[in-house]
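Written below as structure tokens is the structure these notes are about.
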Amino acid sequence: MNLIEKKIDLFSPKTLLLVAIIVAISAIALWPSLDNDFVNWDDGKYVLENDLVHDLTSENVYKMFFEKDLKGRSYVPLTLVFWAIEWDIWGEDPAPFHRHNLIFHLLNCVLIFYFILLLTTRIEIAFITAMLFGIHPMHIESIAWVSERKDVFFTFFYFSSLICYIQYIKKGAKSIPLFASSLVLFFIGITAKTATVPLSGVVVLIDFLLVRKLDKKLIWEKVPFIIISFIGGIAAVVAAHSTDTIAATSAFTVAERFMFAFYGMITYIYKVFIPLDLTTYYPYPFLIDGRLPYIFYIAPVISAGIFYLVYRSFKTTRVVVFGFLFFFFNVVLVLQFMPVGPNIMCERYTYVSYVGLFFLLGHGYVYLKDSAIKNHKSLGLALAVISPIMLLTLCYLSYERCKEWKNSETLWTSMIAIYPNVDHGYTKRGSYYGKRGEFDKAFKDYSISIQLKPEDHKVFNNMGNIYGSRQQWVLAIEHFEKAIALDPDYEDAYLNIAITYSMMQDYPKSLLYYDQAIAKGLTKLKLYTNRAQTLYTMKKYHEAIADLSLILQTRRFDTNSLMYRGLCYYFTNNLDAGIADFNLLIQIEPQNQYAYNNRSLCYKSKGQFKLALNDAINAKKLGVAVSDAYISSLQENAAANDN
């Protein structure tokens with residue numbers, strides 16, 4: 001009987017018990033992630049500072065799927081919708097975001113267990129594969145990092161699709177709904193993250209492992225998968241170009257790119273067995289006397305040897321080819337054949353791809369166990385002792401790795417411990433310290449970062465912020481100007497130098513830098529927000545209204561913009577418009593005393609003294625120092641109107 005025909009009870013008591021064990025042990029190993037905060041690595045642009053996430057409307061959902069300007073983000077529209085729902089319910093509390101990451105990871109453990117069980121009908125292989133998936137330290141990045149909801153989310157649809165595909169094969173001609181379900185889940189996975197694309201290659205591997213007959217039906221069956229992959233690939237490429245994550249090809253030679261790719265591949269394989277020195281950032285190597293470290297020249301040779309051994313294994317089994325190619329298909333697009341981003345490798349890229357290698361380890365364990373039963377009793381004893389030790393070791397490493405993601409300080413401190421001569425960790429940790437007001441610590445980190453990478457415009461900008469916080473305006477401006485000189489399109493530097501001039505009460509110069517930034521096509525809403533405040537201070541109310549209206553098109557409930565625009569309308573005698581803004585502001589914040597006070601002024605100017613009086617009384621109750629003379633005046637006028 002072949003694997004397609006072999007039956008297995010998917011929900012026997014033994015099967016359900018093993019699933020429960022996998023979920024329980026994985027949950028314990030990853031429990032510290034539930035106490036983690038957001039970190040200053042992509043959590044800002046995906047969640048904390050993402051206007052699309054902060055305002056769950058049909059218009060914003062449409063933009064998530066179809067807007068061309070991704071603002072530095074990958075194409076992950078369905079994941080953005082998920083975040084928007086969470087934000088709408090829980091706001092900025094990180095706990096629900098981490099909780100849902102963990103829940104999806106545990107669900108993925110269950111799916112992988114059943115995927116392997118359906119594929120092999122061997123419960124031991126399914127258990128080992130899913131358990132290793134659940135607790136391996138290389139997977140912590142995908143679970144403990146809010147921004148990588150993308151990984152745990154798309155993986156849920158990825159393996160759901162593959163399970164439907166295997167069931168379609170096993171059930172035969174009457175299972176067209178399962179085939180359609182596989183395609184639908186595949187497409188949904190693409191909208192969660194385009195890393196779902198390799199699934200079209202994996203279904204071919206499944207056919208290979210299950211020894212399906214190659215005919216026209218089998219070929220036509222793959223066409224819709226290829227079409228969906230093509231659509232996902234286009235979205236991924238467009239996103240990569242729009243976010244500048246694809247490095248310039250001139251940055252590396254073709255030979256170097258291949259060495260980087262093969263180095264990444266063997267390192268991923270190596271870290272399956274020795275997951276130590278893990279970090280969130282793996283930089284490109286430094287040249288030593290104009291050459292790369294020797295491992296980069298050796299890596300292609302080792303890789304060639306691995307491919308050869310996999311090829312030779314086909315003579316005796318299809319298992320090795322399936323497991324290795326499952327790994328390779330799911331990692332090849334992020335190997336550095338085409339340099340992507342500042343990392344030579346990323347732990348999150350192993351989240352799905354390692355299933356292939358864990359599958360091989362599961363088969364290896366079963367092979368050794370079967371051999372021990374037949375021939376070598378001592379081998380069975382060794383397996384019985386070593387297996388729980390390895391399990392406990394992986395759980396401990398994952399438990400501790402989760403703690404390193406506690407916050408931005410712990411995250412980048414762990415990276416600095418491994419790469420003390422790389423600027424990135426100091427820059428990120430310094431930014432964290434700066435936002436917390438720990439300026440001496442931030443200054444120290446930025447100083448080291450500038451020594452390591454003196455051409456980094458962002459560090460000069462951050463140093464400028466430190467000097468600004470100390471009211472050392474001249475030094476702050478010097479550093480912002482240096483940042484602009486290094487990158488004439490760097491929005492934050494324009495924003496910060498303009499704010500600095502405002503703090504110095506040099507409003508015309510402040511306005512000049514805002515205008516320069518916006519004239520260059522820079523579009524951060526902070527530019528318009530701060531320029532509007534400067535225009536308001538300069539009593540250029542009509543111009544301020546234009547900026548504030550632009551902001552409110554994107555952030556309909558931005559209370560600061562509503563307050564300022566309402567005041568601008570008041571000072572330009574557009575009283576009805578001012579009242580409308582204050583009405584909305586009071587709906588959003590019923591205890592906003594200044595909104596009542598300002599609306600009172602508008603009603604007074606309109607001669608609606610009774611309404612003005614009610615608002616003045618409310619404002620005073622809420623804490624505004626409304627003068628008795630103002631209230632008495634309103635009372636007199638209200639009484640006169642009644643008479």
Side-chain angles (χ1 to χ4, degrees), residues 32-33 35-49 72 92 94 97-98 137-138 140-148 245 276-286 341-348 397 400-470 472 475-476 479-480 482-483 486-487 490-493 495-496:
S33 69
D35 293 326
N36 290 356
D37 202 347
F38 293 104
V39 294
N40 63 351
W41 191 37
D42 284 0
D43 284 352
K45 69 180 179 181
Y46 279 105
V47 180
L48 295 176
E49 300 165 9
E92 203 171 336
F97 292 86
H98 285 294
M138 284 287 280
I140 300 305
E141 182 172 286
S142 295
I143 303 154
W145 183 15
V146 169
S147 291
E148 279 313 303
T245 57
L276 301 176
D277 292 333
L278 304 187
T279 179
T280 191
Y281 188 86
Y282 293 87
Y284 285 93
F286 295 108
N343 286 329
I344 194 169
M345 57 175 283
C346 295
E347 291 167 15
R348 60 187 178 274
L397 291 174
E400 293 301 311
R401 179 70 175 136
C402 284
K403 294 178 183 178
E404 293 178 5
W405 282 89
K406 171 66 177 174
N407 56 45
S408 299
E409 180 182 27
T410 56
L411 180 65
W412 300 115
T413 298
S414 69
M415 183 227 155
I416 290 168
I418 297 171
Y419 292 108
N421 296 319
V422 175
D423 65 291
H424 189 80
Y426 297 102
T427 301
K428 288 290 190 180
R429 190 174 67 178
S431 177
Y432 172 77
Y433 287 142
K435 288 184 178 179
R436 288 172 58 87
E438 299 180 59
F439 299 125
D440 290 340
K441 288 182 177 180
F443 191 86
K444 182 179 179 181
D445 275 352
Y446 290 147
S447 298
I448 297 171
S449 185
I450 285 177
Q451 290 176 12
L452 294 170
K453 190 177 180 182
E455 72 279 8
D456 190 340
H457 58 282
K458 293 182 180 179
V459 181
F460 281 99
N461 176 70
N462 294 341
M463 287 283 276
N465 284 330
I466 299 298
Y467 285 119
S469 69
R470 295 172 173 173
Q472 294 175 280
L475 286 171
H479 281 76
F480 294 138
K482 178 67 174 176
L486 289 168
D487 183 357
Y490 185 43
E491 297 187 36
D492 286 355
L495 175 64
N496 290 329

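Bear in mind the structure is a predicted one, so any value in this text is a computation, not a measurement.
Between Thr410 and Thr413, every side-chain heavy-atom pair lies at or beyond the 4.5 Å cut-off. Residues Tyr46 and Val146 fail the side-chain proximity criterion, which asks for heavy atoms closer than 4.5 Å. At a threshold of 4.5 Å between non-hydrogen side-chain atoms, the residues Arg401 and Leu278 count as touching. Between Ser447 and Met463, the closest side-chain pair of non-hydrogen atoms falls below 4.5 Å. With contacts defined as side-chain heavy-atom distances shorter than 4.5 Å, the pair Asn462/Asp492 does not qualify.
Across Lys428, Glu141, His424, a single residue satisfies side chain to side chain contact (heavy atoms under 4.5 Å, CB included) together with Thr280, and that is Glu141. Tested against Tyr433, the residues Glu409, Lys441, Glu438 include a single side chain to side chain donor-acceptor pair (under 3.5 Å) partner, Glu409.
Of the possible polar contacts, one joining the Ser147 side chain to the Asp42 backbone as a donor-acceptor pair under 3.5 Å is found. Under a 3.5 Å cut-off, the side chain of Asn36 and the backbone N or O of Trp405 do form a donor-acceptor pair. The closest donor-acceptor contact from the side chain of Tyr432 to the backbone of Ala442 lies at 3.5 Å or more, if one exists at all. The backbone N or O of Tyr281 sits nowhere less than 3.5 Å from a side-chain atom of Asn343 that would complete a donor-acceptor pair. A donor-acceptor pair under 3.5 Å is absent between the side-chain atoms of Tyr426 and the main chain of Asn421, judged by distance alone.
Taking each heavy atom of Phe38 and His98 in turn, the nearest pair found is N-NE2, 4.5 Å. When all heavy atoms are compared, the tightest approach of Leu397 to Pro137 is CB-CG, 3.6 Å. Nearest heavy atom pair, residue Leu452 against residue Pro420, reads CD1-O, 4.2 Å. The two atoms that bring Asp445 and Gly430 nearest to each other are OD2-N, 3.6 Å, heavy atoms only. Phe480 and Gly464 get closest at one heavy-atom pair: CZ-C, 3.4 Å. Residues Gly425 and Trp412 come closest through the heavy atom pair O-CB, 3.6 Å.
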Apply side chain to side chain contact (heavy atoms under 4.5 Å, CB included) to Met415 and Val422, showing your working. CA-CA 9 Å; Met415 183 227 155; Val422 175; 3.8 Å; yes
Just do the ring-ring contact (aromatic ring centres under 6.0 Å, His included) check on Phe443 and Tyr467 with the steps written out, would you? CA-CA 9 Å; Phe443 191 86; Tyr467 285 119; 5.7 Å; yes
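With no hydrogens or angles considered, a side-chain donor-acceptor pair links Trp145 and Asp43 at under 3.5 Å.
Rounding to the nearest 0.5 angstrom, the gap separating the CD atom in Glu455 from the CD1 atom in Ile450 is 11.0 Å. Rounding to the nearest 0.5 Å gives a distance of 10.5 Å between CG of Asp35 and SG of Cys402. Rounded to the nearest 0.5 Å, atoms CD (Glu404) and OG1 (Thr279) are 8.0 Å apart. For the atom pair Ile466 CD1 and Phe439 CZ, the distance stands at 5.5 Å (nearest 0.5 Å). Put simply, CE on Met345 and CE on Met138 are 4.5 Å apart, with the number rounded to the nearest 0.5 Å. Here NE2 of His479 is found 10.5 Å from CG of Asn461. Values are rounded to the nearest 0.5 Å.
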